[in-house]
Amino acid sequence: VPIDAKFPLENFQKYASEENQKEKEDLRKRFVADVKKHINEISKKYILPDEGTYDFALMYIPAENIYYETILRGYAEGSEIYSYSLQKRVIPVSPNSFYAYLQVIILGLKGLHIEKTACDILGHLGRLQGDLMDFQSDYRILGGHIRDTVAKYEKASRKLDRLEDKLRLASE
């Protein structure tokens, strides 16, 4: 699972410590632009379907307060970093949500494995069903031969009994 743990903190730290409201707004815009640029870089670096990678990547945000300011508060204020990241298939995770996302991914991968295994089992069952049908056909033919053999044996046995009776009558 691709996880990018490098996060652009420089403008966030300036934003967090700035007192002037006008300058703070400018720093927030720069920070949002940095985050979007970072999302683009993650998308280009880790999401390469032609190379067999997953179609998503996780962007680890190193602290809950930064996650709150970046994703939750930013979404409420209309910066829409979260929507942008999801469009790029980059999922932002915080220290608290990181484990939960990994567990969901693991469960999904286990589900895919179970699905693949079930398909393999169904394929084996299909081949076994074909083998059973072949055996049933051979078994029916063999049963027919045995019935014919028994009928011929009984017919020959009756002929033998009649021949024996004729020989006995002829020798008397």
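Just so you know, these numbers use all the heavy atoms, side chains as well, and skip hydrogens, waters and symmetry mates.
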Test item: [X] and [Y] side chains (from C-beta on) under 4.5 Å apart, heavy atoms:
X: Ile81; Y: Ile39; value: yes
X: Asp165; Y: Arg168; value: yes
X: Leu86; Y: Tyr82; value: yes
X: Leu9; Y: Pro62; value: yes
X: Tyr46; Y: Leu58; value: no

About how many Å separate [atom2] of [Y] and [atom1] of [X], when rounded to the nearest 0.5 Å?
X: Arg127; Y: Leu122; atom1: CZ; atom2: CG; answer: 10.5 Å
X: Asp34; Y: Tyr15; atom1: CG; atom2: OH; answer: 14.0 Å
X: Asp120; Y: Glu115; atom1: CG; atom2: CD; answer: 11.0 Å
X: Ile91; Y: Ile71; atom1: CD1; atom2: CD1; answer: 11.5 Å
X: Lys22; Y: Asp26; atom1: NZ; atom2: CG; answer: 4.5 Å
X: Arg158; Y: Asp161; atom1: CZ; atom2: CG; answer: 9.5 Å

Exercise answer: donor-acceptor pairs, residues 131-142 side-chain atoms, under 3.5 Å, sequence neighbours excluded:
none

Are [Y] and [X] connected into the same hydrophobic cluster when the rule is that any two of I, L, V, M, F, W, Y join if their side-chain heavy atoms are below 4.5 Å apart?
X: Leu107; Y: Val1; result: no
X: Phe98; Y: Leu109; result: yes
X: Ile3; Y: Val104; result: no
X: Tyr99; Y: Phe56; result: no

Would you find more than 12 non-hydrogen atoms of other residues, nucleotides or ligands less than 6.0 Å from Glu10 atom CD? no

Would you say that more than 12 heavy atoms from the other residues, nucleotides or ligands in this model lie under 6.0 Å from the OH of Tyr54, or not?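 No, because the 6.0 Å sphere around OH of Tyr54 holds 12 heavy atoms or fewer from other groups.
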
What are the two closest heavy atoms between [X] and [Y], and how far apart are they?
X: Thr70; Y: Arg28; value: O-NH2, 4.4 Å
X: Phe31; Y: Pro8; value: CE1-O, 3.5 Å
X: Ile42; Y: Ala57; value: CG2-CB, 3.7 Å
X: Leu27; Y: Glu18; value: CD1-CB, 3.8 Å
X: Phe7; Y: His38; value: CA-NE2, 4.2 Å
X: Tyr60; Y: Ala5; value: CB-CA, 4.0 Å

I'd like to know if Lys45 and Glu51 make a salt bridge, using a cut-off of under 4.0 Å between side-chain N and carboxylate O. no

Val90 backbone acceptor or donor facing Ser85 side chain under 3.5 Å: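 Pair found, side chain donor or acceptor close to backbone of Val90.
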
Between Glu64 and Tyr68, is any side-chain donor less than 3.5 angstrom from a side-chain acceptor? no

Anything under 3.5 Å between a donor and an acceptor, one on a side chain of residues 145-156, the other on a protein residue two or more places apart or in another chain? List them.
from: Thr149; atom 1: OG1; to: His145; atom 2: O; distance (Å): 2.7

